[in-house]
Each structure stands twice: as C-alpha cells, then as structure tokens.
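Structure first, commentary second.
One-based numbering along the sequence shown.
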Amino acid sequence: MIRVGNIKVSLDTDFRNMKSVASEKLRIPYDRIISAKLSKKSVDARKKNDVHFIISVDIEVKGEEKLLRTLKNASQVKKDKYRIAKLPSDTERPVIIGFGPAGMFAALVLAKSGAKPIVLERGGDVDTRCKAVDEFRRNGVLDTECNIQFGEGGAGTFSDGKLNTGIKDYRIGWIFERLVEFGAPDEILYMAKPHIGTDMLRETVKNLREKVIKLGGEVHFNAKFTGYTTENGEISQVEYTDSDGVHTINTHNVILATGHSARDVFEMLKDKNVSLSQKNFAVGVRVEHHRKDIDRAMYGDFAGHPSLKAADYKLAVHLPNGRTLYTFCMCPGGEVVAASSEKGRLAVNGMSCFARNAENSNSALLVNVNTDDFGSDDVLAGMYFQREIEEKAFISGGGDYSAPVTTVGAMLKGEKADSFGKVKPSYIPNTRFADISEYLPDFICESIKLGIVEMGKKIKGFDSPDAVITGTESRSSSPVRINRGEELQSLTVKGLYPCGEGAGYAGGIVSAAADGMKCAEKVIERLGGVL
C-alpha cells in the first residue's frame, strides 16, 4: 500500500468514493486502483480566498513500485502492530488508581494481557457523573468526589475530547482504533485535528469499561484511594474506602493515574516522603467569542460552507515582560463549564459536543507560571499557588460558584464591566462582574492584557471589546511531578507506577493514554509476560 500526501482538493469534494478522488487527483486510471482510503484530512485556510482541504490517501494499485518512483509525496505505508504480552491466569492482580485516559488504557492493556486488573475510581460511573455535574451547574451543589474532574473517563470526559497531540508514538494508532471500536466517530482516524465531543465520549468510556470487565478486570466506582503499605521499600497493599467502609488489596504493582486535581493524593505522597518535584504549569482565564465571528475570521467568505465545521485556532505570543500568553483547549462551538472539585474554590474549563454548534467558541488564555513564581521550595507550592487563585476567584464570583466575568473592553480599560455586549457568557449556574486583578497575580493580568491585543493582530476581532473573559482556568496541567525512573516506577516506592497527567508525564487525552499503556507494559514485563 502507498500513502500519497499533500493533495489539494476543494471543499465540495465527495469523499464517499475515494477511488474516484485518487484517480482524478493522482492521474491514475480508475481500474488500476484496487482500493483507496482517506488517511488524513485538514483544512488549509491560509488564504481566505482559497480555503480548501489537504488530504493524504492510502492506495493499493497495480504496479506499486513504479508508482512510488513517479508520484510526488508518496511512500510505502508502514504500520507498527501493537502487541501485548500474555500472562498466566494465576498472576497477582495489579491495581490501577484512577479511570481517566491513563487509567483506562492501562486497564485495557492489562486486561488484554490476562492480568485481570482492579481499578479504583473515586468518582462515579459516567451516568452518575452526568447527574452530579448537572446538579452542580443548575443549583451550585458541588459533590467533591464526583464532578467534572473526578469519575469515569477523567476530566477529559467533560471537555471537547480533543485528540491532537505533539507526541510521536506508535501506540497512538492503536489508541484511536480502540476509541472507534468503543463508539468514537470514524473520522478521528484521519482528521488532522480529531475530536470526539463530550456527548460521544460518555458512551465511548462506558463501552471501554465493559470491555475491561469482560476480559476479567474489575472497576470499582466511588472507591477512594486512602493509603498504601510497603515492605522493604516495595508496595504490598493499597487501601480504599467506599460506602461499605475501609478495604485493602494485596498487590505489588500499582499504577497511580489519579489526574492533576487529586490534590489529597499529592499531600499523602508528600507525607510518606515519596519523591516529588515542583513543575511549571500555566494559569489564566477563558475567552469567548461568537462562533460565527471566529468562523468568519478564520474562513473568510467560505465560513458556513457545509463541509467546514466550526473553526478552531491556536495562538501564542511572546511578550515584552518575558512571559508567553497562549491559547489552550480551544472549544469551537462549545461552552465554559464549572470545573471545581474543592469546596470554596472555583475553576473553569471548556467543553463542546461532537457537533460543535453552540453559539460561542471559547479557549483558555494561559500564562506560563514557573517554579520561581511559587515563592517557596515546598514540593506542593504550585498546588498552593493554584488553590489561592481559585479561592480568590470563588470570592470574586460571589461565593456561590458563580464565575467572575468581564469583557475584553472593560479589562483593557482597567474598568469593572457592568454589562455585556453581543457576546453572552455560556457559564452556568451564574456569573458576576469582577476585574481579573481580584483573583489573578499582577504578572498574569498584565500578560493577558498585553497578549490579547497581540492576538487581535493575528485573528481579526479576537480582542473585540464584546468578547467575554471568565475566570479562572487553573487546572491546565499538574503542578507536581511524581518522580519515576527508567522502569517507570517511583524513585522511592518499588512497584508504584506514577502515570499520566497527574503525575506530570502527559498533557492531554492521547499522551495520557499512551503513558498508561507504557506503565501497563512495564507491569506486564515485571510479572513475566511473554509475547
């Protein structure tokens, strides 16, 4: 099979018959093509008068060797097959703590190996989570154990479900194929910026869980990890609590995939003298524009074309004060959501469904925060930094989980907004006007104000006075790294595998899933798995 890339096609192209597309664009007789499949598709909107798709196509043809020599941008398709070593049925069962992307894919790999993993998830199953999240959004009643951060699927379940990643890893193809197997749309296999959407993710994670159980694994919800025991520096037992009380599981292999909001776990590890270190992260706000305005800014007169979905963007500006302001987790046609997990602390995030057809588009506007900004050498100083901001945001919002909001126009004038323009905030349960200086440090406020003006030079209308600013986006990544060695085990606790975003080794759904697989592979290897 040959892959041919960098093929320009119009927005009106009919992708249902890829043999015809390949024949026309590559000038290959139709009857020479055995099969053709779309392998990548992206939008090229650099010229607003010529918006089109750039595609790659995988084709089987008669006389492939000759074609490889004559076609531009052609190469032989090489696909690494992901293989999972097998374990005997009497293998000691490993434990996975957390059932977000890292924990889910660690569980799936271990289950396929025959390890029959036991998963402990502090939050509820995805259906229970939906009820808890709805209750919080409607009435401001926060369940600190089951919310947007905690529960089946992790924080990613209540997001845009973006799958774009900067890592290069042969596991990624297997991850995408499994997601499709469990209910994600087929297009994630070829879209340059794939996403699943919150609505589809809910069914996808549920189906993955059922597969783990079918293969012999167990998934316990509302099961909170509360401690562990070691013997001679090696983990020997984990403790958890649920509605029936305190329980223990004997095991020498534990994958810790608790996510970046499990702050009580960071505190526990610090108290037990587990090797931790401070880590850089970023803090900021959410900015909202009308979706159609962003579409127009990105696509020009092609905005609204039936082949184009809501436009996304990715921006970064380096500022005179030495900081960087960048967009993160951009949600086209989405909403800003309440993402708190602790009483008296307010955090927000972005979410969108697969259709991405809500009135507004939003993105995080983040400023880099370095360990020097923490003002302390305490390994948890970054976490305390986040908490302080969230506490101030909670107060600025009125103390009832209403979010502090302003407009870009008022913010740039240094004034407190008292009304909205054409853009209305999507956050619920409620909002309250507040200046960002009420909850963010001066260097972050300065960077947001300087940076959004520069971003307005890159995307027309980005700095529109009517754009809405909602605080505070404080959970973009973990403020702590749980240090591990080459075998991916904790430097201080043998058999403990810090994993994913919470441990400081991933930055999104895909990278977290890949890290979960890596940790699972190391556990299988340690248990004597054989390919």
Study note, to complete from the structure: Between Lys279 and Phe374 the two heavy atoms that sit nearest each other are O-CZ, 3.5 Å

Practice item. With the side chain counted from C-beta on, respond yes when Ile524 and Val109 share a heavy-atom pair under 4.5 Å apart, and no when they do not. Key: yes

Check your understanding: Less than 4.0 Å between a side-chain N and a carboxylate O, is that true for Glu218 and Arg93?
Key -> yes

Practice item. Without swapping roles, check the side chain of Asp44 against the backbone of Arg46 for a donor-acceptor pair under 3.5 Å. Key: yes

Check your understanding: Atom NE2 in His52, atom OG in Ser42: separation rounded to 0.5 Å?
Key -> 8.0 Å

Point to revise | Within 6.0 angstrom of Lys86 NZ, more than 12 heavy atoms from elsewhere | key: yes

Review point. What closest approach, in Å, do Pro498 and Ser490 show between heavy atoms, and which atom pair accounts for it?
Key: CD-N, 3.6 Å

**Study point:** Beyond-backbone contact of Val369 with Ile444, side-chain heavy atoms, under 4.5 angstrom
**Key:** yes

Exercise for review: Report the relative orientation of the aromatic rings in Phe225 and Tyr228; use parallel for angles under 30°, tilted for 30 to 60°, perpendicular for over 60°.
Suggested key: parallel

Practice item. Only one of Met351, Arg286, Glu288, Arg291 passes side-chain contact (heavy atoms from CB on, under 4.5 Å) with Cys331; say which it is. Key: Arg286

Review point. Val367 and side-chain contact (heavy atoms from CB on, under 4.5 Å): which partner among Val283, Leu440, Ile448?
Key: Ile448

Exercise for review: Say whether, by atom type as modelled, one donor and one acceptor occur between the side chain of Asn368 and the main chain of Thr324 under 3.5 angstrom.
Suggested key: yes

Practice item. Verify the neighbour count for atom NZ of Lys116: are there more than 12 heavy atoms of other residues, nucleotides or ligands below 6.0 Å? Key: no

Review point. Within a strict 4.5 Å, meaning less than it, do heavy atoms of the Lys518 and Asp169 side chains meet?
Key: yes

Review point. How long is the span from the OG1 atom in Thr204 to the CG atom in Leu179, to the nearest 0.5 Å?
Key: 6.5 Å

Review point. When you check the gap from the basic side-chain N to the acidic O, do Lys206 and Glu203 get nearer than 4.0 Å?
Key: yes

Check your understanding: Do the side chain of Ser340 and the main chain of Arg345 share a donor and acceptor less than 3.5 angstrom apart?
Key -> yes

Point to revise | Backbone of Asn253 reached by a side-chain donor or acceptor of Thr251 within 3.5 Å | key: yes

**Study point:** Closest non-hydrogen atom pair between Tyr401 and Leu142, with its separation
**Key:** OH-CD2, 3.6 Å

Practice item. Answer whether the closest heavy-atom distance between the side chains of Phe158 and Val133 falls below 4.5 Å. Key: yes

Practice item. Quick one: sort the Trp174 and Phe105 rings into parallel, tilted or perpendicular, breaks at 30° and 60°. Key: perpendicular

Practice item. Verify whether one side chain among Ser478 and Glu501 offers a donor that lies under 3.5 Å from an acceptor in the other. Key: no

Exercise for review: Before giving the answer on side chain to side chain contact (heavy atoms under 4.5 Å, CB included), spell out for Phe281 and Gln386 the whole-Å C-alpha distance, their side-chain angles and the decisive distance to 0.1 Å.
Suggested key: CA-CA 10 Å; Phe281 56 98; Gln386 289 176 329; 3.7 Å; yes

Check your understanding: Has the side chain of Asp242 got a donor or acceptor atom that lies under 3.5 Å from a matching backbone atom of Ala223?
Key -> no

Check your understanding: Is there a donor-acceptor pair closer than 3.5 Å between any side-chain N or O of Arg129 and the backbone N or O of Phe150?
Key -> yes

Check your understanding: Taking atom types as modelled and ignoring hydrogens, do the side chains of Gln149 and Ser341 form a donor-acceptor contact shorter than 3.5 angstrom?
Key -> no

Review point. Above 12 or not: heavy atoms from other molecules or residues under 6.0 Å from NZ of Lys343?
Key: yes

Check your understanding: Distance from Leu215 atom CG to Leu110 atom CG, nearest 0.5 Å?
Key -> 11.0 Å

Exercise for review: State whether the number of non-hydrogen atoms from other residues, nucleotides or ligands found under 6.0 Å of Lys494 atom NZ is greater than 12.
Suggested key: no

Check your understanding: Looking at Phe99 and Arg209, what are the two nearest heavy atoms and their distance?
Key -> CE2-CB, 3.8 Å

Check your understanding: Between Lys193 (side chain) and Val43 (backbone), is there a donor-acceptor pair under 3.5 Å?
Key -> no

**Study point:** Ser426 (side chain) donor-acceptor with Val336 (main chain) under 3.5 angstrom
**Key:** yes

Check your understanding: In chain order, what residues pass the side-chain hydrogen bond (donor to acceptor under 3.5 Å, both in side chains) check against Lys292, with sequence neighbours excluded?
Key -> none

**Study point:** Donor-acceptor under 3.5 Å (Thr198 side chain, Ser159 main chain)
**Key:** yes

Check your understanding: Roughly how far, to the nearest 0.5 Å, is the CG atom of Asn349 from the CZ atom of Arg475?
Key -> 10.0 Å

**Study point:** Residues which pass side-chain hydrogen bond (donor to acceptor under 3.5 Å, both in side chains) with Arg137, listed by chain and number, not counting sequence neighbours
**Key:** Glu335

Study note, to complete from the structure: In terms of heavy-atom contacts, Leu346 and Pro404 come closest through CD2-CD, 4.0 Å

Check your understanding: side-chain hydrogen bond (donor to acceptor under 3.5 Å, both in side chains): which pairs involve residues 179-189, sequence neighbours left out?
Key -> Arg178-Glu181, Glu187-Lys309

Point to revise | Gap separating the CD atom of Glu486 from the CG atom of Leu491, nearest 0.5 angstrom | key: 10.5 Å

Exercise for review: Please say whether more than 12 non-hydrogen atoms of neighbouring residues, nucleotides or ligands are located less than 6.0 Å from CZ in Arg138.
Suggested key: yes

Review point. Between Thr327 (side chain) and Leu315 (backbone), is there a donor-acceptor pair under 3.5 Å?
Key: yes

Review point. Should the ring pair Tyr240 and His220 be called parallel, tilted or perpendicular, given that the plane angle runs from 0 to 90° and is split at 30 and 60?
Key: tilted

Check your understanding: Which atom pair, heavy atoms only, marks the closest approach of Thr157 to Glu152?
Key -> OG1-O, 3.3 Å

Exercise for review: Identify whether the distance between the nearest side-chain nitrogen and carboxylate oxygen of Asp312 and Arg356 falls below 4.0 Å.
Suggested key: no

Point to revise | Ser361 and His289 side chains, donor-acceptor separation under 3.5 Å | key: no

Point to revise | Within-4.5 Å side-chain heavy-atom neighbours: Lys224 and Asp264 | key: yes

